[in-house]
Amino acid sequence: MAGKSKAFDMELFFSALADMTRLRLLNLIGNQEVCVCYFVEILQTSQPKVSRHLAYLRRAGLVSSRRVAKWVHYRIVVPADPDAAHLFGEVRKWLAKDPAMKREHKQLVKVCCAPDPPPLLQGAPRPTAVCGQSSTC
């Protein structure tokens, strides 16, 4: 039916949050837009695995994607359901306080702002909120 929004899927929401890799991705995204290549570098896992987890988060309505040439960028989407939005905000605050999550975010900043990025990231657009730069590496 045109114009009717999709009902909130509570099971999918909680399933999306029930995986450590997806929680790590949400933490790395934070309040910015991040290219998939940075997730691969920081998590030290394959691009297909990262993409599968991001697709799961997208199906749950927790992230959106945007393609620019060969680069795919992800950002957080706050759920429209007010209870889910509140819970999601609390989960994100909790992640931001976790020591391991803090280390990974610091690693993102270090890699993002490095004058000589790893080969996988050469030419990749930098997350602006991390470095304060909008240029590519």
Side chain proximity check, [X] to [Y], heavy atoms < 4.5 angstrom:
X: T45; Y: H53; answer: no
X: F14; Y: L87; answer: yes
X: F39; Y: E41; answer: no
X: L54; Y: V36; answer: yes
X: H73; Y: V68; answer: yes
X: L62; Y: F13; answer: yes
X: N31; Y: I76; answer: no

Testing the basics here: between [X] and [Y], what is the closest heavy-atom pair and its distance to 0.1 Å?
X: L23; Y: L95; result: O-CD1, 3.6 Å
X: A85; Y: V78; result: CB-CG1, 3.6 Å
X: L12; Y: D9; result: N-OD1, 3.0 Å
X: W71; Y: C37; result: CZ3-SG, 3.9 Å

Is there a path of hydrophobic side-chain contacts, each under 4.5 Å between heavy atoms, that joins Y56 and I29?
no
Give a yes or no on whether the backbone of L28 and the side-chain of Q32 come within a donor-acceptor separation of less than 3.5 Å.
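Between the backbone of L28 and the side chain of Q32 there is a qualifying donor-acceptor contact (under 3.5 Å).
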Backbone N/O of M101 and side chain of N27: donor-acceptor pair under 3.5 Å
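Pair found, side chain donor or acceptor close to backbone of M101.
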To the nearest 0.5 Å, tell me how far [X] [atom1] sits from [Y] [atom2].
X: Q107; Y: I42; atom1: CD; atom2: CD1; answer: 4.0 Å
X: H86; Y: D83; atom1: NE2; atom2: CG; answer: 8.5 Å
X: H105; Y: D98; atom1: NE2; atom2: CG; answer: 13.0 Å
X: L26; Y: T21; atom1: CG; atom2: OG1; answer: 11.0 Å

Yes or no on side-chain contact (heavy atoms from CB on, under 4.5 Å) for V63 and L25, after CA distance, side-chain angles and deciding distance?
CA-CA 10 Å; V63 299; L25 288 166; over 6 Å; no
List the residues meeting salt bridge (Lys or Arg N to Asp or Glu O under 4.0 Å) with E90, not counting sequence neighbours, and say none if there are none.
K93
Side-chain donor-acceptor pair under 3.5 Å between E11 and S15, yes or no?
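Absent: no donor and acceptor within the cut-off.
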Modelled atom types, side-chain donor and acceptor of R58 and Y74, under 3.5 Å
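There is such a pair (donor and acceptor under 3.5 Å, judged by atom type) between the side chains of R58 and Y74.
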Assess R92 against F88: is NZ or CZ under 6.0 Å from the centre of the six-membered ring, and within 45 degrees of the ring's axis?
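Judged by the rule, R92 and F88 form a cation-pi pair.
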The test is side-chain contact (heavy atoms from CB on, under 4.5 Å); show your working for R66 and V72 and say whether it passes.
CA-CA 6 Å; R66 177 178 70 91; V72 181; over 6 Å; no
